[in-house]
Amino acid sequence: MALSRRTLLGLAAGVPVSAALAGCGGSSGPGKGGGATYWYLNGQPQEGVRAGAVDAFNKAHPDNEIDDTTFQNDAYKTKIKTAIGAGQAPTVIWGWGGGTLRAYAEADQVEDLTSWFDEHSELRKGLFPSSFGAATVDGRIYAMPCEAVQPIILYYNNRVFEQVGVKPPQSWDDIMALVPRFNAKGIAPFALGGQSRWTNMMWLEFLFDRIGGSEVFQAAVEGEKNAWSHPDAIKALTKLQDLVKAGGFVKGFSSITADSNADQALLYTGRAAMMLHGAWSYGIQQTDGGDFVSSGSLGYMTFPPVEGGKGDQSDTVGNPAQYLSISSKASAAQKKTAKDFFATGILQEEEVKKWIGNGSVPIRLGTEKLLAASENADFLQFTYDIASKAKVFVQSWDQALSPTAAETLLDNIVKLFQLSIPPQQFADNLNAVTGA
């Protein structure tokens with residue numbers, strides 16, 4: 001179950017466990033009086049940064065405190081949907097924006113923040129412009145972008161490339177040419193935690209963009225009929241299967257999980273040459289990979305172009321930010337507290353420094369000096385440049401689509417990678433859940 005941090009403090013102070021657990025529900029729902037409630041994900045180091053922002057705000061606003069409660073990822077996804085549906089949402093709703101936010105907005109379950117952002121234009125101007133796409137539904141803003149940007153990056157092992165005598169790929173043709181070179185040396189060309197499904201998705205996100213431009217997936221998001229059957233979509237799906245057939249991924253990738261970080265270990269131990277993964281992977285490899293990062297053995301780049309493709313090379317994919325919405329069921333006093341938190345409690349100097357210390361790039365503009373002073377300066381500047389210069393930042397597909405369509409997507413991506421369905425069948429199955 002989830003415990004609020006206040007309850008945990010109560011336990012520490014000697015409150016009987018049964019009494020503390022019985023009071024656990026007290027921090028759920030819309031909240032009481034002027035105090036707002038806030039649910040978010042646990043797990044370090046991110047949880048500590050989120051909790052620190054709440055603590056700092058509460059210290060400055062002792063009469064309008066925020067009561068926070070943390071949940072594990074999957075439990076949170078279930079709990080928040082149930083609570084919102086029952087009219088018992090917390091005042092501040094943490095999320096990923098995109099399709100789920102659209103569902104909330106269309107059901108009038110979250111506050112329209114457009115006019116508030118108009119009144120706080122300087123606040124908006126201080127954030128990455130790309131972070132607002134997933135916060136916007138039909139031209140209206142329903143969430144406050146927050147936390148850090150997480151583009152998907154192509155990582156590679158410099159030691160392995162030197163050992164085989166090859167250079168990092170500058171095009172899709174280069175990728176296909178590298179596959180037999182690495183396989184001949186008994187090294188997997190690409191690590192992949194395929195059992196986790198969403199790791200496979202990152203490949204399609206980039207191939208769709210590089211081949212057809214961002215418009216191809218956008219048409220699917222907007223429910224355009226037969227969007228997934230677009231010739232460039234079929235071309236992308238076909239190229240992906242070409243890579244699988246060529247032996248591009250580590251043997252047994254369908255049984256490797258990303259949650260265990262087994263895919264990361266393949267890269268830093270030299271059993272795989274490359275890996276497509278999120279910006280958060282850098283910190284994992286730094287922590288778990290011994291001297292892999294500190295010795296300069298980790299290389300990174302954005303996904304290369306596909307010959308003849310229409311996509312802009314500055315485009316990227318991943319998580320443009322994380323997002324905070326306000327429950328439309330909250331009281332006027334709670335909504336005011338939440339908006340004060342957005343204006344003066346989010347991405348303040350101390351929080352920004354903590355994200356950077358964790359190897360993350362906060363979505364606030366103008367942090368170059370702080371990034372440059374970090375021990376991870378090169379990687380952080382690389383990530384900052386990708387996010388701040390992207391003409392289009394495509395949100396992770398499973399967040400951009402509706403929850404139902406996302407599940408169909410993930411199921412069919414597994415089949416596509418296992419070569420159990422051809423590209424057109426994949427397209428037909430997705431058209432059935434996104435097409436008008």
Side-chain angles (χ1 to χ4, degrees), residues 40-41 46 49-50 73 93-105 110 113-114 117 123-154 198 201-202 204-206 208-210 213-218 220-222 276-282 302-303 311-325 342 346-347 351-352 355-356 358-367 371 379-402 406:
Y40 55 82
L41 298 191
Q46 293 88 346
V49 185
R50 292 168 188 144
N73 191 309
I93 301 164
W94 189 98
W96 294 271
T100 302
L101 180 64
R102 171 175 285 277
Y104 296 158
V110 289
L113 299 173
T114 312
F117 271 108
L123 182 70
R124 180 172 183 173
K125 286 177 193 167
L127 304 178
F128 286 174
S130 56
S131 68
F132 279 88
T136 307
V137 177
D138 298 333
R140 310 292 295 177
I141 302 171
Y142 288 90
M144 166 82 179
C146 64
E147 302 191 4
V149 67
Q150 297 170 331
I152 305 305
I153 291 163
L154 181 57
W198 58 266
M201 178 180 68
M202 298 185 284
L204 289 186
E205 289 169 349
F206 265 124
F208 268 58
D209 183 89
R210 293 296 188 257
S214 59
E215 300 86 357
V216 180
F217 176 65
Q218 189 59 32
V221 171
E222 292 172 2
L276 194 61
H277 222 298
W280 59 85
S281 169
Y282 180 89
T302 194
F303 198 88
D312 190 300
Q313 191 57 26
S314 78
D315 289 355
T316 194
V317 306
N319 301 326
Q322 288 71 53
Y323 297 91
L324 301 180
S325 297
F342 290 1
I346 297 294
L347 289 175
E351 183 189 345
V352 165
W355 286 120
I356 292 172
N358 293 336
S360 302
V361 172
I363 62 160
R364 207 174 82 183
L365 291 166
T367 59
L371 297 173
F379 178 77
L380 293 175
Q381 189 61 54
F382 167 77
T383 306
Y384 182 92
D385 287 345
I386 285 179
S388 60
K389 295 175 183 175
K391 284 195 175 64
V392 177
F393 197 134
V394 178
Q395 188 186 21
S396 294
W397 285 4
D398 56 346
Q399 300 301 336
L401 295 170
S402 73

Positive for side-chain contact (heavy atoms from CB on, under 4.5 Å) with V361, one of W355, F128, F382: F128
Polar contact flag, side-chain donor to acceptor under 3.5 angstrom, E147-W94: yes
Atom of A387, atom of S130 and distance for their closest heavy-atom approach: O-OG, 3.4 Å
Euclidean distance, I153 CD1 relative to T383 OG1, rounded to 0.5 Å: 4.5 Å
Heavy-atom side-chain contact between M201 and D398 under 4.5 Å: yes
Whether R364 side chain and L347 backbone form a donor-acceptor pair below 3.5 Å: yes
Side chain S325, main chain Y142, donor-acceptor under 3.5 Å: yes
Evaluation steps, side-chain contact (heavy atoms from CB on, under 4.5 Å), between M144 and L123: CA-CA 10 Å; M144 166 82 179; L123 182 70; 4.1 Å; yes
Exercise: identify the closest heavy-atom pair between I386 and P151: CG2-CB, 3.9 Å
Check against ring-ring contact (aromatic ring centres under 6.0 Å, His included), Y282 and F379: CA-CA 8 Å; Y282 180 89; F379 178 77; 4.0 Å; yes
Pair F132 + F393: ring centers closer than 6.0 Å: no
From Y323 atom OH to Q399 atom CD, the distance as rounded to the nearest 0.5 Å: 10.5 Å
Nearest non-hydrogen partners of L365 and P129, listed with the distance: CD1-CD, 4.4 Å
Side chain to side chain, V221 and Q395, heavy atoms closer than 4.5 Å: no
Distance (rounded to the nearest 0.5 Å) between T302 OG1 and I152 CD1: 10.0 Å
Residue pair A390 / T316: nearest heavy atoms and the distance that separates them: CB-CG2, 4.0 Å
Step-by-step side-chain contact (heavy atoms from CB on, under 4.5 Å) determination, Q46 to N358: CA-CA 8 Å; Q46 293 88 346; N358 293 336; 5.9 Å; no
Check: S214 side chain, D209 main-chain N or O, donor-acceptor pair, under 3.5 Å: no
W198 and H277 aromatic ring geometry - parallel, tilted or perpendicular at 30°/60° bounds: perpendicular
Heavy-atom closest contact (A143 atom, L101 atom, distance): CB-CD2, 3.9 Å
Flag for S314-D312: side-chain donor and acceptor within less than 3.5 Å: yes
Value rounded to 0.5 Å, distance of CZ in R50 from CD in Q322: 6.5 Å
Distance in Å, T114 OG1 paired with R140 CZ, rounded so as to fall on 0.5 Å steps: 3.5 Å
From CG (L276) to CG (L154), nearest 0.5 Å: 6.0 Å
Pairwise side-chain contact, D315 with V394, heavy-atom cut-off 4.5 Å (strictly under): no
S396 side-chain N/O to G318 backbone N/O, donor-acceptor pair under 3.5 Å: yes
Working for side-chain contact (heavy atoms from CB on, under 4.5 Å), residues W397 and F217: CA-CA 9 Å; W397 285 4; F217 176 65; 3.2 Å; yes
V317/F208 under side-chain contact (heavy atoms from CB on, under 4.5 Å): CA gap, chis, key distance, verdict: CA-CA 11 Å; V317 306; F208 268 58; over 6 Å; no
Nearest heavy atoms of P145 and L127, plus distance in Å: O-CD1, 4.0 Å
R102/D138 salt bridge by N-O under 4.0 Å criterion: yes
